[in-house]
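Values below: all heavy atoms of this structure, side chains included; hydrogens, waters and symmetry mates excluded. Remember, it's 1-based here, ligands and their atoms both numbered in the order they're listed.
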Amino acid sequence: MGRTILVTGASGAIGPHLLTELLRHEDNHEIFVLMRPGWGMATRTQVLRCTVQALATDGHPQRLGVAERLHLMAADIRRDHLGLQDGDRERLQRHVDVVIHAAANTRFGAPVDELSDVNVEGTRRVLELAQECAQLRQFLLVSTACVAGKRTDTVCEQLEEGAGDFINPYEQTKWEAERLTAASALPVRIARLSTCIGGERTGYVHRFGAIHQSIRWLTRGLVPMIPAIDGSRVDLIATDVAARWLARAAACPVTDLDVCHVAAGPQAIPIRELIATTVAHLRATVSGWADGQIEAPVIVDTATFELFERSVAQSGNALFGRVLESARSFFPALLYPKVYDTTRAEALWGGPLPLSDWRSTLGKVIDFGIARDWRTYRGARERAHV
Ligand SMILES: NC(=O)c1ccc[n+]([C@@H]2O[C@H](COP(=O)([O-])OP(=O)(O)OC[C@H]3O[C@@H](n4cnc5c(N)ncnc54)[C@H](OP(=O)(O)O)[C@@H]3O)[C@@H](O)[C@H]2O)c1
């Protein structure tokens, strides 16, 4: 049976990969995308369409019917009724079978009220729309493995009863969004993604995130130390692998609440190995690293890192201040080692998750980031190159 899917957050880091994977499935007849209105909407729409088509052309050339099947609507999840025009809302209510809610404020350091307005109240508003969709079969919430916060050891694929300790308010608001979604009377699936690093084969990153900023500064030799403890691991997945899983999940019926970790799980990368691989790649490809002028970062304990933070603050060095700001987004999680159970995600997939060779993907992402100077598309004239 064919499907009509509503997607929020399609213009973000994961969105274009997700749309490409959804469009690859012929059963997904139509896809409606909610895009924030405002400056450059026409250009952003064009970039999104081009990117989706270009992603599809890489690897398995395929005609997706982007023009006929992908429909964009202006909406802002911070506004009542999502700010949708009446006609658009009615169209969605009549036709949508699956909602994939991926829109979020993903700035870990944003003020809590801003995060809450988008991640919690925004989810509430999207849920309201989903309740009005007469034939809804699934509400798929794109969440984050980070909702585990400061917990350590094995994290199960289940809703947590109580709020744990969180590293930042982003995690807390995503946890609240999960609770809200689970409490709705809808058929709900929650996909908790781990960090999506970029395209498996191309290294393509549509929007750079916290991990990319840390790699950026490391590449420039501005990260002399990283705070971590024994057992610290980084759980990375290729963005298109996550998107493929989400597209499959959208097609799988859900009866009861289903919570899945789309993550590397036991194959998460020990921090020392991640640093060694990154440094080896830089030494092989980047001058300054190649001739040994830049030293590899060392792993230190929290007290040493705090000392470093204080000395940077005292120096008033603006560049190092920015480096530390990025570090505060990504590094603290290293102090709470954990392994995400992926049993349910694998059951849905029908076997082990199709994880990419992380060394190869990481190298491609670094090359891509350096080529773009770690800048996300902003300019009106830039074309989407994948
Ligand atoms: N990327 C990762 O590694 C990762 C890992 C775990 C979980 N996740 C989850 O996956 C989802 C997508 O993440 P992402 O990395 O693609 O995020 P992102 O790059 O920050 O993009 C966020 C998306 O949400 C949209 N959005 C934000 N505020 C909105 C509003 N008020 N109204 C409508 N749309 C709004 C953005 O639209 P604009 O283009 O207008 O800004 C953009 O499309 C999020 O729920 C995130 O929590 C991501």
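- For atom 6 (C) of ligand 1, the closest heavy atom belonging to the protein is Leu193 O, 3.2 Å.
- At the shortest separation from atom 34 (N) of ligand 1 among protein heavy atoms lies Ala103 CB, 3.8 Å.
- Counting only non-hydrogen atoms, the option in Gly9, Ala10, Ala104 that gets closest to atom 22 (C) of ligand 1 is Ala104.
- Partner of Ser143 under the side-chain hydrogen bond (donor to acceptor under 3.5 Å, both in side chains) criterion, chosen from Lys174, Glu178, His101: Glu178.
- The shell of residues lying under 4.0 angstrom from ligand 1, judged by heavy atoms, excludes Gly209.
- Listed by number with element, the atoms of ligand 1 under 4.0 angstrom from any heavy atom of Thr195 are 3 (O).
- Under the 4.0 Å criterion applied to side-chain N and carboxylate O atoms, Arg24 and Glu21 are assigned as salt-bridge partners.
- Of all the heavy atoms in Leu55 and Tyr204, the pair that sits closest is CD2-CD2, 4.0 Å.
- Atom CG of Asp86 sits in a sparse spot, with 12 or fewer heavy atoms from other residues, nucleotides or ligands closer than 6.0 Å.
- For ligand 1, the atoms closer than 4.0 angstrom to any heavy atom of Lys174 are 44 (C), 45 (O), 46 (C), 47 (O).
- At least one heavy atom of Asp76 lies less than 4.0 angstrom from ligand 1.
- Distances from atom 40 (O) of ligand 1 to the heavy atoms of Arg36, Met35, Arg207 show the closest one on Arg36.
- Under the 4.0 angstrom criterion for non-hydrogen atoms, Leu34 is not in contact with ligand 1.
- Those atoms of ligand 1 that come under 4.0 Å of a heavy atom in Gly12, given as number and element, are 16 (O), 18 (P), 19 (O), 21 (O), 42 (C), 43 (O).
- Atom NZ of residue Lys150 and atom NZ of residue Lys338 lie 10.5 Å apart, to the nearest 0.5 angstrom.
- Scored by the salt bridge (charged side-chain N to carboxylate O under 4.0 Å, His left out) test, Arg248 finds no partners at all (sequence neighbours excluded).
- At least one N or O atom of Cys196, backbone or side chain, sits closer than 3.5 Å to an N or O atom of ligand 1.
- Considering Gly198, Gly83, Ala263, Ala102 only, the shortest heavy-atom separation from atom 44 (C) of ligand 1 involves Ala102.
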Contacts table for residues 259-269: side-chain donor-acceptor under 3.5 angstrom, sequence neighbours left out:
| from | atom 1 | to | atom 2 | distance (Å) |
| --- | --- | --- | --- | --- |
| His261 | ND1 | Asp341 | O | 2.7 |
| His261 | NE2 | Arg192 | NH1 | 3.3 |

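- Ion pair Arg107/Glu114 flagged as a salt bridge, since at least one NZ, NE, NH1 or NH2 atom sits closer than 4.0 Å to an Asp/Glu carboxylate oxygen.
- Shortest contact from atom 10 (O) of ligand 1 to any protein heavy atom: Val142 CG1, 3.3 Å.
- Considering only non-hydrogen protein atoms, atom 17 (O) of ligand 1 sits nearest to Thr106 CG2, 3.4 Å.
- The existence of a salt bridge linking Glu273 and Arg233 is excluded, since no basic side-chain nitrogen approaches an acidic carboxylate oxygen closer than 4.0 Å.
- What you find for Ile197 and Thr361 is that their closest heavy atoms are CG2-CG2, 3.9 Å.
- Surrounding CD of Glu68 are more than 12 heavy atoms belonging to other residues, nucleotides or ligands, all under 6.0 Å away.
- Shown here is Gln85, whose CD atom has no more than 12 heavy atoms of other residues, nucleotides or ligands within 6.0 Å.
- Residues Glu200 and Lys364 are not paired through a salt bridge, judged by the lack of any N-O separation under 4.0 Å between the basic side chain and the carboxylate.
- Relative to atom 15 (O) of ligand 1, the option among Ala13, Ser194, Ala210 with the closest non-hydrogen atom is Ala13.
- By heavy-atom distance, the residue among Pro37, Gly38, Ser143, Ser11 lying nearest atom 42 (C) of ligand 1 is Ser11.
- Within ligand 1, counting atoms from 1 as listed, the ones closer than 4.0 Å to a heavy atom of Val118 are 28 (N).
- Here Tyr170 has side-chain heavy atoms under 4.0 Å from ligand 1, and that is the only part of it that gets that close.
- A heavy-atom separation below 4.0 Å is not found between Thr8 and ligand 1.
- In terms of protein heavy atoms, atom 13 (O) of ligand 1 is closest to Ile14 CD1, 3.9 Å.
- Considering backbone and side-chain atoms alike, Ile77 places an N or O below 3.5 Å from some N or O of ligand 1.
- In this structure, Ala242 falls outside the shell of residues with a heavy atom less than 4.0 angstrom from ligand 1.
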